[in-house]
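Every chain is numbered from 1, with letters handed out A, B, ... down the list of sequences.
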Amino acid sequence: MPVFKASNAFRLQKLMAQKVVWEGKISYLSKVVGLDLAFVGREGVGIAALLNYPELKLIKYAVAVDEVPIPYVPGLLAFREAPLMFAAYEALNEDADLIMVDGHGVTHPRGLGIASHIGLVLDKPSIGAAKKPLYGSEEAVEGVNYVVVGGRRAAVIMEGSKGKRIYLSIGHKVGIDEIVRLAPTFFRGHSLPEPTYVADRISKEVRRKVAEGVGR
DNA sequence: GCGACAG
DNA sequence: ATCTTGTCGC
């Protein structure tokens, strides 16, 4: 069997990055899907959580569990985590108006963080929600903190509860101004935006059940 | 070459 | 991401 080759992944990212759309507005927003992954040893637990908007209440969720053979390599996160996220999204069997992914979008060394990777493949508007910076320089404009990449504003830095900084980046087909407009509406008293928070909570909850099933 | 490095 | 108890604070 072929093994994961970082050099090939790099080439693919550069090609895919050219297809990513940094602009766009969400004309109709009702279904938001949060994607996240948890681990139990080598087993990955992918979660696709559907929330309504603007209430941000969990409507339903889908799970995908499988072995994750790709190692974690900074910058190549999508190759490790996206497969199970696609599987979970597929199992959800819903058409999302917007997808929020744990991690960065275009604020990535080659312009293709996991949020952009997933938005591009599913051809859906997507936004990345990360807890730590990865790429780009900070710049404050009119009271808003941005992350600039190649001269273009690529992410907005939000302050979750207890002052925690969260990086909301362009994933695909959502412009920076649209993210600035929507950003505040995604927070509900947690450090993370609600779609990501809910998906993360569920992933850890399901992870525990999977861990028990593994031990026998 | 050295250090940094989403989850 | 995950390994991990109690503990400080809203």
What does nucleotides 2-7 of chain B look like as a protein-contact string, B for base, S for sugar-phosphate only, - for none, at under 4.0 angstrom between heavy atoms?
---BBB

How is A:Arg207 classified with respect to the nucleic acid when contacts are heavy atoms under 4.0 Å: base, sugar-phosphate, or nothing?
sugar-phosphate

Residues 78-104 of chain A, side-chain donor-acceptor partners within the protein, below 3.5 Å, at least two apart:
residue, atom, partner, partner atom, Å
A:Arg80, NH1, A:Ile70, O, 2.9
A:Tyr89, OH, A:Glu94, O, 3.2
A:Tyr89, OH, A:Ala96, N, 3.1
A:Glu94, OE1, A:Lys31, NZ, 3.2
A:Glu94, OE2, A:Lys60, NZ, 3.0
A:Asp95, OD1, A:Lys124, NZ, 2.4
A:Asp97, OD2, A:Ser30, N, 2.9
A:Asp97, OD2, A:Lys31, N, 2.7
A:Asp102, OD1, A:Lys131, NZ, 3.0
A:His104, NE2, A:Lys132, O, 3.2

Test A:His117 against every option in A:Leu77, A:Leu112, A:Val20, A:Leu12 by the side chain to side chain contact (heavy atoms under 4.5 Å, CB included) rule and name the one that passes.
A:Leu112

Defining pairs by Watson-Crick or G-U wobble geometry with both distances under 3.5 Å, how would you list the stems of DNA chain C with at least three pairs each?
none

Residues two or more places apart in sequence or in another chain: which of them pass side-chain contact (heavy atoms from CB on, under 4.5 Å) with A:Pro71?
A:Phe4, A:Val73

Test side chain to side chain donor-acceptor pair (under 3.5 Å) applied to [X] - qualifying residues, sequence neighbours left out:
X: A:Arg153; answer: none
X: A:Arg181; answer: A:Glu178
X: A:Lys204; answer: A:Asp200
X: A:Asp123; answer: A:Lys173

Mind jotting down which residue pairs meet the salt bridge (charged side-chain N to carboxylate O under 4.0 Å, His left out) criterion with at least one end in residues 62-75 of chain A? Sequence neighbours excluded, please.
A:Arg42-A:Glu67

Could A:Arg110 and A:Phe10 be counted as a cation-pi pair, given that NZ or CZ must be under 6.0 Å from the ring centre and within 45° of the axis?
yes

Taking the side chain from A:Asn52 and the backbone from A:Lys57, do they hold a donor-acceptor pair closer than 3.5 Å?
yes

Check: A:Ile47 main-chain N/O paired with A:Ser203 side-chain donor or acceptor under 3.5 Å:
no

Under 4.0 Å from a heavy atom of chain A: give me the 5'-most and 3'-most nucleotides of DNA chain C that qualify.
C:dA1 to C:dT2

DNA chain B: stems of at least 3 consecutive Watson-Crick or G-U pairs, cut-off 3.5 Å?
none

Qualifying ring-ring contact (aromatic ring centres under 6.0 Å, His included) pairs, either residue in residues 144-198 of chain A, two or more places apart
A:Tyr53-A:Phe186, A:His190-A:Tyr197

